[in-house]
Amino acid sequence: MAEVAHAEVGHDDHHDHHEPSFWSKYVFSTDHKMIAMQYMFTGMAMALIGGFFAYVFRMQLAFPGASIPFWGTLSPAAYNSLVTNHGTIMIFWVAMPVLIAAMGNFLIPLMIGCDDMVFPRVNRLSYQIFLISAIVLIISFFVPGGGFGGAWTAYPPLSAKAQYNATPFGAPLWLIAVTLEIVAFLLGGINFITTVMNARAKGMRMYDIPIIVWMIVIASILFMCSVGPLIAGAVMLLFDQTLGTGFFDGAAGGDPVLWQHLFWFFGHPEVYVVLLPAMGIVGEITCTFARKKLFAYKLILYSTIGLGILSFFVWAHHQFISGVDPRAAYLFTTTTLLISIPVAIVLFAYIATLYGGSIRFTTAMLFALAFTGEFLLGGVTGIWLGSSGVDVYLHDTYFVLAHFHYTFVPIAIIATFAAVYYWYPKMFGRKMNETWGKIHFWGTTVSFNGIFIPLFILGAGGQHRRIYNFQHYPDLAGADMQDMRVFATLSLIVMLAFQVIFIVNFFVSLKRGEKAGNNPWKANTLEWVATSPAPHGNFGPVMPEVYRGPYEYSVEGREEDYWPQNEKPSDS
Amino acid sequence: MKTIDPSFAEPIDSDRSPALSSSALGILVFIVTELMFFAALISAYLIIKAGPEAWPPAGQPRLPIEASAVNSLILFASGYILFRGYRSFVKEGNSEGTVKLVRFCLLLGVVFVAVQGFEWVRLVGFGLTMTSSQYGAFFYLIVGTHGIHAIGALIGIWRLYVKLRAGILRQSSFQGVLFFWYFVVGIWPILYVLVYLS
Ligand code: HEM
Ligand SMILES: [Cu+2]
């Protein structure tokens, strides 16, 4: 707290203008863009680890017992650990840092026209804690007993007692890492909300704020309101693991389902925490490349707020078979079906934005369109799962797994790629190669469907999650089912292989990409006013002033088909 | 480590005057998270308490209700005095009076934490520990969490006191710490009623 309270004073000692050293420029920087890059590169590195884990355990499922290239044979314990940490990494160390932290840090000050976050040093602290959390997680893979293997949801008693999970050090380290990571985002969230409230450019009123900024702020509020219970649960679980308390131990008078409530009270809003920034990204890109005003800006905004509120009342749809009272299940079914309405409104507003536009199929736009289409599938299958009668059969099958991958992959992979292709010029001053970008796009999205459509079918056929070797179960060992598993695994390998193209394109374009100029996409929002890449302080001596909303594209009677927010009206 | 701060940020509110300073707003957002955190602890406590076991269980020491009540009064007084200190700071800056009030608040806060610590030592001596029962576990969990917050806030007040004496304290910083201390003081009676009086 003390740090928060005193950060303002810190502004005073910033004014010595000497050339910053390597350490102060790249490692201990307080500049929001540099912190965004730190988050982004850490997130991308973690994504490689998480992707590799997926490759290993998918190989085991497709070719049980075979020796896996780059790994060897996979033991059941290692399988559990890989599955657990794959999920943990992708949600907490990839989706969160890239979508919320990197995008929020990079875009918020640029888009609302200010020079930095209001608490730059808190911001730096946030990344440092995040980095430590990632290191703790990675260390946990190498301690005696190996990394935690009790699933990313860490249900007790499996997670609470070393005699069950057999990871006496991995389990507590995992928990500590998650808690630290969450503390890091707490600091970030405070910064985002406060900055947008207090530091907007002159003239930027409520409805002039770009939709992505709204979405990141609403996501931050959701995060801040939902994370307390998870921290409380994590502390209690850590005590159960290390001090021998029995908060979640039925035999000691505790209650294991209590953990599920604490976890999912956070867990469900959390899925919207990552969803909203992705939807914001897609909204921005759709408008820019359809050259159309965002359809129903206010409706989108208010739907998002409604969605945020509702997201606190759906959590028990994860617990329909955990002994939740059927009458309560009925209520949670209702709220779950209700929440798909605002989600659908936003998506349909994006589709309506496309209507009659002059669409440019850049790589970023392709990814944005793919998000809208693929996420719809994820959302629709969520409605089935939300109906408790159906979910009794589908719970913990691959159908659930395919459902949330059809939400998470569009969010954390597809929308993130859209954002990278779109804002890359602002980050590094050059464009990424479009041809390779499109090859990467098709390779990624087609193979993504190749992975998860078979898993929907397998799940509906009764294939349970978290099973090491399906050959042990006669019902699941048939050749037709095994063929689908092999197909999914091969698709995964194809998808991973296509990421090489992205990585090469990313790094080659740093040096060789086409020079971008300030506003390569002819977009309206303020980040395109700054030079590419944006300097310290973002806008130089004159901060931009805002005269209109962010989506004035193809306005009649204007020569240009765009109208930057900061352009002075000619008649005044 | 001054050189590692290349941010060019001007004081943000130079040309606009937001309703709340950034420090105060940041702390308020943080307090919302804290409220949800305590709400989770409390609901966990209520759920377990409603379980089949006797509450408080036989053979476990009773909590010191009266002593803690007196201690609560000390905490409230400290909250009120920081409020007076803030008012005085707004009116007369870092005057002698302000410094005295902040120092007094700090002192009372430290007394509160010390008495709590003393109680804990006695309770542990009587056999109430985190593993002796759910009753003990929740007592230390909830009251301990509050205690850690109190200590954190006192460190904040102490830093504030140092800056006040050096004459470099900003009103917004004071406000932020004040809000957080209100939170620590304000949540205490709820915890007291729930944990001690049941
Ligand atoms: C309209 C939107 C959505 C609805 C109605 C919905 C509904 C559901 C339901 C009912 C379940 C529980 C299934 C079960 O375990 O038996 C579920 C699981 C899940 N959903 Fe969704 N969902 C929606 C959107 C999302 C989004 C946007 C995400 C991610 C960003 C997501 C991520 C997940 C995850 C991770 C799980 C499984 C957790 C686990 O058991 O490991 N969902 N969803
Ligand atoms: Cu959910």
Side-chain angles (χ1 to χ4, degrees), chain A residues 1-2 4-11 13-16 18 20-21 23-25 28-31 114-122 186 189-191 193-195 197-199 202 224-229 231-233 235-236 239 243-247 252-255 258 262 265 536-537, chain B residues 1-13 15-16 18-23 25-27 29-30 32-41 43-44 47-48 51-53 57 130-131 133-134 137-138 141 145 152-153 155-156 158-160 163 168-170 172-177 180:
Chain A
M1 296 105 257
V4 179
H6 295 288
E8 274 198 342
V9 180
H11 291 308
D13 35 59
H14 289 162
H15 290 284
D16 24 60
H18 48 77
S21 73
W23 289 96
S24 60
K25 193 160 170 210
F28 294 112
S29 173
T30 54
D31 183 77
C114 70
D115 47 9
D116 206 329
M117 291 286 170
V118 292
F119 306 122
R121 288 190 295 179
V122 175
L186 236 146
I190 293 174
N191 238 327
I193 298 169
T194 314
T195 304
M197 294 279 277
N198 275 2
K202 215 165 165 185
M224 307 294 287
C225 293
S226 65
V227 77
I231 298 183
V235 171
M236 288 158 72
F239 285 166
L243 301 183
T245 55
F247 290 117
D255 183 358
L258 179 59
L262 294 174
F265 185 86
H536 279 308
Chain B
M1 294 222 291
K2 246 191 182 161
T3 48
I4 59 172
D5 243 338
S7 161
F8 286 65
E10 292 292 325
I12 298 294
D13 27 14
D15 57 341
R16 309 162 25 99
L20 262 179
S21 73
S22 297
S23 298
L25 184 63
I27 284 287
V29 175
F30 183 63
V32 171
T33 305
E34 291 279 27
L35 280 174
M36 290 303 292
F37 174 60
F38 276 97
L41 291 180
S43 42
I47 287 171
I48 300 295
E53 275 174 36
M130 283 213 80
T131 47
S133 61
Q134 291 290 342
F138 270 106
L141 179 70
T145 307
I155 294 174
W158 174 71
R159 284 187 54 169
L160 188 138
K163 290 205 167 160
I168 53 170
L169 183 66
R170 288 189 180 203
S172 54
S173 303
F174 201 147
Q175 212 179 19
V177 176
F180 196 72

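Everything numeric in this text was worked out from a predicted model, so none of it was measured. Just so we're on the same page: letters track the sequence lines, and every chain starts at 1.
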So, [X] side chain and [Y] main chain: donor-acceptor pair closer than 3.5 Å or not?
{"X": "B:Ser173", "Y": "B:Leu169", "value": "no"}
{"X": "A:Asn198", "Y": "B:Leu20", "value": "yes"}
{"X": "B:Thr33", "Y": "A:Met224", "value": "yes"}

* Give, as side chain, backbone, both or neither, the part of B:Phe138 having an atom under 4.5 angstrom from any heavy atom of chain A. => both
* With respect to chain A, which residue among B:Met130, B:Met36, B:Gln134 yields the maximal number of heavy-atom pairs within a distance under 4.5 Å? -> B:Gln134
* Structure fact -> With chain A, the option among B:Ala44, B:Ala39, B:Ser133, B:Gly51 that has the most non-hydrogen atom pairs under 4.5 Å is B:Ala44
* Asked: Who wins among A:Gly233, A:Ala232, A:Gly244 for the most heavy-atom pairs under 4.5 Å with chain B?
  -> A:Ala232
* What is the minimum heavy-atom distance between B:Ser22 and A:Val118, and which atoms define it? -> OG-CG1, 3.8 Å
* Structure fact -> Residues A:Ser226 and A:Phe265: closest non-hydrogen pair is CB-O, 3.9 Å
* Below 4.5 Å from any heavy atom of chain B, which atoms of A:Ile231 appear? Answer side chain, backbone, both or neither. => both
* Asked: What part of A:Leu243 is in contact with chain B, defined as an atom under 4.5 angstrom from a non-hydrogen atom: side chain, backbone, both or neither?
  -> both
